[in-house]
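What follows is a short report on a single structure.
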There are 2 protein chains.
Amino acid sequence: MRLTTKGRYAVTAMLDLALHTDSGPVSLSDISNRQGISLSYLEQLFAKLRKQSLVVSVRGPGGGYRLSRDRSDIFVAQIVDAVNESVDATGCKGRSDCQGGNTCLTHHLWCDLSDQIHDFLSEISLEKLVKRQDVRQVADRQDKDSKVSASASQEKISAALIG
Amino acid sequence: MRLTTKGRYAVTAMLDLALHTDSGPVSLSDISNRQGISLSYLEQLFAKLRKQSLVVSVRGPGGGYRLSRDRSDIFVAQIVDAVNESVDATGCKGRSDCQGGNTCLTHHLWCDLSDQIHDFLSEISLEKLVKRQDVRQVADRQDKDSKVSASASQEKISAALIG
DNA sequence: CTAATAACCTACTAATTCAGTCGGGTAAAT
DNA sequence: ATTTACCCGACTGAATTAGTAGGTTATTAG
């Protein structure tokens, strides 16, 4: 099982997408600003998300990404799977050849755990996350912050142009 | 959440200990032979397991390691915790400062997942594992194999001494 | 007593992965 | 035409993993 910043970033970014999906495609630089994830890194992650048809891209000005289907039909497990290679807890990827061709002592334990984690994350859709109160609260703060910093940087630009 | 070969090795080794606990202390080289884990690596892992008082050591010839307490009172979660730093799925270790001092969008999701995994692994004792049929089967095969290879290497030694 | 055993300890290493950067593309809208 | 923003590949520092190497200390069997 592998669950690092990579998978967390992917889920966070997808959730950001789900939250701002009403006003057309969402650009990666918007997500980068709101979520504090580097733009280039997001590009790498979204390349994988696109390959797994979790998102569709719109090129050109005003473009960005959109969810490929309804929020209720995209699950956290799918997102993590898309960017990591697997959510498997066994070392042998279920092949049971963990100990030189044979099954290792704890093989079945890790299989059970993998199932457990997968089941848990498979039940959580973006829709479900969007409706959570803790998510809404954080999202509201982020929207406010990004507007502030947007106007702040606008002021900086103006100041630079004037000064 | 970090669950790699490290944690798997530790659990496997502890289970081996639990299975062979009747005939006195178990040496790391025995575990190394049976489980196919490098001796030096086992030493590193057991240093941590000892610090967490999961095992006690007996030095000198005939020495080795023993479980510090009953098999039913040692749980997989404790073992994984002892060798990895944590089984936490959040990046901020529960401090909620994932996004530059603030809570990130998906913080609570990872908290939930951490709890889920921890609960699952906290319920599984070594006792429980020892009684599982799949574990017994693998253990039987390993005991046979190690005896064969032990007598084989004994023969090699004899052959070397004679030849 | 001494030789063997096995825990204990420190330091080093190759390989991998993560998280991120950089530079240059290409497609589409204004 | 220019800007926007996706697209793509190569590269990088830092961290971690899994393991090596080489020694020291405690204990016991002979």
Side-chain angles (χ1 to χ4, degrees), chain A residues 1-13 17 20 24-33 35-51 54-66 68 80 83-86 88 91-92 98-100 104 157, chain B residues 1-13 17 20 24-33 35-51 54-66 68 80 83-88 91-93 98-100 104 157:
Chain A
M1 161 74 192
R2 201 181 296 139
L3 192 49
T4 61
T5 319
K6 202 175 185 176
R8 282 194 294 270
Y9 277 180
V11 176
T12 302
L17 212 56
H20 299 89
V26 181
S27 73
L28 291 189
S29 55
D30 282 356
I31 300 179
S32 172
N33 285 332
Q35 305 305 331
I37 307 170
S38 99
L39 179 59
S40 309
Y41 200 44
L42 277 175
E43 285 182 346
Q44 285 177 47
L45 297 179
F46 272 78
K48 296 191 177 190
L49 295 172
R50 202 171 61 91
K51 270 178 202 156
L54 292 172
V55 296
V56 290
S57 63
V58 181
R59 301 183 75 152
Y65 285 93
R66 255 180 310 182
S68 66
V80 175
V83 293
N84 291 350
E85 281 135 33
S86 80
D88 191 26
C92 57
C98 354
Q99 194 193 353
C104 81
I157 291 167
Chain B
M1 162 74 191
R2 202 183 296 140
L3 190 49
T4 61
T5 320
K6 204 174 185 178
R8 282 195 294 270
Y9 277 179
V11 175
T12 302
L17 211 57
H20 299 89
V26 180
S27 73
L28 292 188
S29 54
D30 283 356
I31 300 179
S32 173
N33 287 332
Q35 305 305 333
I37 307 170
S38 99
L39 179 60
S40 309
Y41 200 44
L42 277 174
E43 283 181 346
Q44 286 177 46
L45 297 179
F46 272 78
K48 297 192 176 189
L49 294 171
R50 201 170 63 91
K51 268 177 203 156
L54 293 172
V55 297
V56 290
S57 63
V58 182
R59 299 181 75 152
Y65 286 93
R66 256 178 311 182
S68 67
V80 175
V83 293
N84 291 349
E85 281 137 33
S86 80
V87 276
D88 191 25
C92 56
K93 290 167 192 167
C98 354
Q99 195 193 352
C104 81
I157 293 167

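Quantities reported herein were computed from a predicted structural model and do not represent experimental measurements. Below, read A as the first sequence line, B as the second, and so on, with proteins coming before strands; counting in each chain starts at 1.
What separates NZ of Lys48(A) from P of dC8(D) is a distance of 14 Å, to the nearest Å. Atoms CG (Leu17(A)) and P (dA5(D)) sit 14 Å apart, rounded to a whole Å. Separating the CD1 atom of Ile37(B) from the P atom of dT17(D) is a distance of 16 Å, rounded to the nearest angstrom. Rounded to whole Å, atom C1' of dT4(D) lies 12 Å from atom CG of Leu28(A). The CD1-P distance, from Ile31(A) to dG20(C), rounds to 15 Å in whole Å. Put simply, CZ on Arg50(A) is 7 Å from C1' on dC7(D), counting in whole angstrom units. If you take CG of Leu42(B) and C1' of dT20(D), they are 14 Å apart, rounded to a whole angstrom. Between the CG atom of Leu39(A) and the P atom of dC22(C) there is a distance of 12 Å, given to the nearest Å.
Of the candidates dA7(C), dC8(D), dA5(D), the closest approach to any side-chain atom of Ser27(B) belongs to dA7(C). The side chain of Glu43(A) approaches dC8(D) more closely than any other nucleotide in the set dA7(C), dC8(D), dG20(C). Nearest nucleotide to the Lys6(B) side chain, out of dG19(D), dG25(C), dA18(D): dA18(D). Checked against dA18(D), dA26(D), dA29(C), the side chain of Pro61(A) finds its nearest nucleotide in dA29(C). With dA21(D), dT17(D), dC18(C) as the choices, the nucleotide that has an atom nearest any side-chain atom of Tyr41(B) turns out to be dT17(D). Relative to the side chain of Arg59(A), the nucleotides dC7(D), dG19(D), dT27(D) differ in distance, and dC7(D) lies closest.
At the heavy-atom level, Ser57(A) lies under 4.0 Å from the strands shown only through sugar-phosphate atoms. In this structure, Tyr65(A) reaches the sugar-phosphate backbone alone: every heavy-atom distance under 4.0 Å involves primed, P, OP1 or OP2 atoms, never a base. Phe46(A) comes within 4.0 angstrom of no nucleic acid atom, judged by non-hydrogen atoms across all strands.
Residues Phe46(B) and Ile31(B) have side chains in contact (heavy-atom distance under 4.5 Å, counting atoms from C-beta outward). Residues Val26(A) and Arg66(A) fail the side-chain proximity criterion, which asks for heavy atoms closer than 4.5 Å. Looking at Lys6(A) and Gln44(A), their side chains never come closer than 4.5 Å, going by heavy atoms from C-beta outward. Looking only at side-chain heavy atoms (C-beta outward), Arg50(A) and Val56(A) stay at 4.5 Å or farther from each other.
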Might you work through the side chain to side chain contact (heavy atoms under 4.5 Å, CB included) test for Val55(B) and Tyr65(B), ending with a clear yes or no? CA-CA 6 Å; Val55(B) 297; Tyr65(B) 286 93; 3.8 Å; yes
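Within the structure, a side-chain polar atom (N or O) of Ser38(A) is placed less than 4.0 Å from OP1 or OP2 of dT21(C). Taking side-chain N and O atoms only, Tyr9(B) has no distance below 4.0 Å to OP1 or OP2 of dT17(D).
The base of dT21(C) lies close enough to the side chain of Gln44(A) for a donor and an acceptor atom to sit less than 3.5 Å apart.
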